[in-house]
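Accompanying notes for the structure given below.
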Amino acid sequence: MACRGDVAYGSPDGRFRMVIGDDQLGTIRHLCLASHPLETGGVLIGQYNAGLDTATVTRVTGPPSDSQRKRTSFYRGTQGLQELLRALWPKEEYYLGEWHYHPGSSPEPSAEDVRRMQEIANSDQANCPEPLLLVVGNGYALTAHVFPRQQGTLRLDPEGPQSLMEIMND
């Protein structure tokens with residue numbers, strides 16, 4: 001059960017669920033506002049429940065310093081991420097996936113977003129066979145997706161507010 005202030009997304013079959021708190025969503029909103037009109041993004045970090053069917057986002061990063069932000073594209077860099085993830089591993093906080101901002105556009109993943117997430121899912125080095133992607137789009141609308149290894153993409157349905165503006169005004 002999500003606690004107050006959390007927003008949850010789940011797959012129709014109940015196999016996958018993501019919970020993200022309003023603090024993390026507030027950080028994403030701030031980073032989107034600061035980046036506008038350029039795309040931006042970062043990494044979702046958190047924990048899995050014992051059944052491994054729910055990922056709880058405990059931290060979000062902004063774009064690493066070597067990221068490339070443009071009006072219609074974003075390439076997330078890697079500067080400092082390995083060190084951060086290595087430091088959080090003993091605290092049982094792990095890389096869960098990515099978040100991405102499409103200013104003035106749909107909150108749906110682009111073909112490039114899908115390709116990159118499938119690469120992560122299918123990479124043994126990434127050690128994340130089911131990465132999540134949270135996309136913020138026009139009007140700060142949100143969509144969430146999971147990319148199970150060798151299975152493509154699966155949209156997660158919201159269990160509450162569907163935009164950063166709704167969440168931040170509640």
Side-chain angles (χ1 to χ4, degrees), residues 6-21 23-25 27-28 30-32 34-35 38-102 105-137 142-157:
D6 290 347
V7 176
Y9 295 84
S11 63
D13 63 4
R15 258 184 79 206
F16 302 101
R17 192 162 183 261
M18 177 183 77
V19 177
I20 184 167
D23 286 346
Q24 290 75 31
L25 290 168
T27 298
I28 290 172
H30 170 76
L31 290 164
C32 291
S35 180
L38 303 178
E39 289 197 12
T40 193
V43 169
L44 303 171
I45 299 170
Q47 302 172 323
Y48 297 99
N49 69 346
L52 300 177
D53 59 1
T54 300
T56 300
V57 178
T58 57
R59 300 172 194 257
V60 297
T61 73
S65 60
D66 60 336
S67 298
Q68 298 172 14
R69 300 179 306 126
K70 298 180 180 177
R71 287 182 74 82
T72 60
S73 68
F74 173 72
Y75 173 78
R76 182 193 47 77
T78 59
Q79 188 71 39
L81 279 181
Q82 191 62 42
E83 294 81 6
L84 173 64
L85 294 170
R86 196 172 291 128
L88 293 174
W89 189 272
K91 299 176 184 180
E92 297 184 350
E93 290 186 78
Y94 312 105
Y95 171 88
L96 300 176
E98 307 280 325
W99 72 270
H100 190 66
Y101 173 49
H102 292 165
S105 185
S106 166
E108 295 302 322
S110 68
E112 180 64 17
D113 296 336
V114 169
R115 186 188 66 73
R116 284 193 177 153
M117 295 308 295
Q118 288 172 335
E119 283 178 3
I120 292 167
N122 295 320
S123 165
D124 290 333
Q125 185 179 10
N127 197 25
C128 188
E130 298 163 342
L132 299 166
L133 176 63
L134 182 71
V135 182
V136 181
L142 298 168
T143 62
H145 309 264
V146 64
F147 294 80
R149 184 172 282 181
Q150 305 298 332
Q151 294 182 35
T153 181
L154 178 62
R155 185 176 176 141
L156 302 177
D157 297 326

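Rounding to the nearest 0.5 angstrom, the gap separating the OG1 atom in Thr153 from the CD atom in Gln118 is 7.0 Å. The CE atom of Met117 lies 12.0 Å from the CD atom of Glu112; values are rounded to the nearest 0.5 Å. With rounding to the nearest 0.5 angstrom, the CZ atom of Arg115 is 10.0 Å from the CD1 atom of Ile120. How far OG1 of Thr58 is from CD1 of Ile20: 9.5 Å, rounded to the nearest 0.5 Å.
More than 12 heavy atoms of other residues, nucleotides or ligands shown are found within 6.0 angstrom of OH on Tyr48.
In this structure, the side chains of Met18 and Val7 stay at 4.5 Å or more apart for every pair of heavy atoms. Within the 4.5 Å cutoff, the side chain of Arg155 has heavy atoms near those of the Thr143 side chain. Between Glu130 and Arg149 there is no side-chain heavy-atom pair separated by less than 4.5 Å. Between Leu134 and Leu25, some side-chain heavy-atom pair lies under the 4.5 Å cut-off. In this structure, the side chains of Pro109 and Val114 come closer than 4.5 Å at one or more pairs of heavy atoms. Residues Glu39 and Arg71 are not in side-chain contact: their nearest non-hydrogen atoms beyond the backbone lie 4.5 Å or more apart. Counting heavy atoms from C-beta outward, Leu38 and Ser35 have side chains that approach closer than 4.5 Å. For the pair Cys32 and Ile28, the minimum side-chain heavy-atom distance is below 4.5 Å.
Of all non-hydrogen atoms in Pro107 and Gly137, the two that sit nearest each other are CB-N, 3.6 Å. Closest non-hydrogen pair, Arg69 versus Pro63, comes out as CD-CG, 4.2 Å. The shortest non-hydrogen separation linking Pro12 to Asp157 is CG-OD2, 3.6 Å.
A donor-acceptor contact shorter than 3.5 Å links the side chain of Asn122 to the backbone of Gln150. With hydrogens and angles disregarded, a donor-acceptor distance shorter than 3.5 Å links the side chain of Thr27 to the backbone of Asp23. Side-chain N or O atoms of Trp99 include one that pairs as donor or acceptor with a backbone N or O of Thr61 at under 3.5 Å. With hydrogens and angles ignored, the 3.5 Å screen pairs no side-chain donor or acceptor of Asp6 with any backbone N or O of Val19. A donor-acceptor pair under 3.5 Å links the side-chain atoms of Ser67 to the main chain of Gly77, judged by distance alone. Side chain of Asn49 to backbone of Thr54: a donor-acceptor contact under 3.5 angstrom is found. The closest donor-acceptor contact from the side chain of Ser73 to the backbone of Lys70 lies at 3.5 Å or more, if one exists at all. Listed for the Asp53 side chain is no donor-acceptor partner under 3.5 Å among the backbone atoms of Arg15. Of the possible donor and acceptor atoms, none in the side chain of Gln47 sits under 3.5 Å from a partner among the backbone N and O of Val57. No donor-acceptor distance shorter than 3.5 angstrom exists from the side chain of Gln151 to the backbone of Pro148, with no hydrogens or angles considered.
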### Task
Dump the intermediate steps for side chain to side chain contact (heavy atoms under 4.5 Å, CB included) on Ile45 and Leu88, then the final yes or no.
CA-CA 9 Å; Ile45 299 170; Leu88 293 174; 3.8 Å; yes

### Message
side chain to side chain contact (heavy atoms under 4.5 Å, CB included), that's the test. Do Glu98 and Leu132 meet it? Break it down for me.
### Response
CA-CA 6 Å; Glu98 307 280 325; Leu132 299 166; over 6 Å; no

### Task
Given side chain to side chain contact (heavy atoms under 4.5 Å, CB included), test Gln68 with Phe74 step by step and report yes or no.
CA-CA 6 Å; Gln68 298 172 14; Phe74 173 72; over 6 Å; no

### Message
Between Leu81 and Val43, is the side chain to side chain contact (heavy atoms under 4.5 Å, CB included) condition met? List the steps.
### Response
CA-CA 9 Å; Leu81 279 181; Val43 169; 3.7 Å; yes

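Between Tyr94 and Trp89, the ring-plane angle classifies as perpendicular under the 30° and 60° cut-offs. A tilted orientation is assigned to the rings of Phe147 and His145, their planes being inclined by 30° to 60°.
Here Glu93 pairs with Arg59 in a salt bridge; the nearest charged N to carboxylate O distance falls below 4.0 Å. Using a cut-off of 4.0 Å between Lys/Arg side-chain N and Asp/Glu carboxylate O, Glu83 and Arg86 are scored as not salt-bridged.
Put simply, the residue from Thr40, Thr72, Asp113 that forms a side chain to side chain donor-acceptor pair (under 3.5 Å) with His102 is Asp113.
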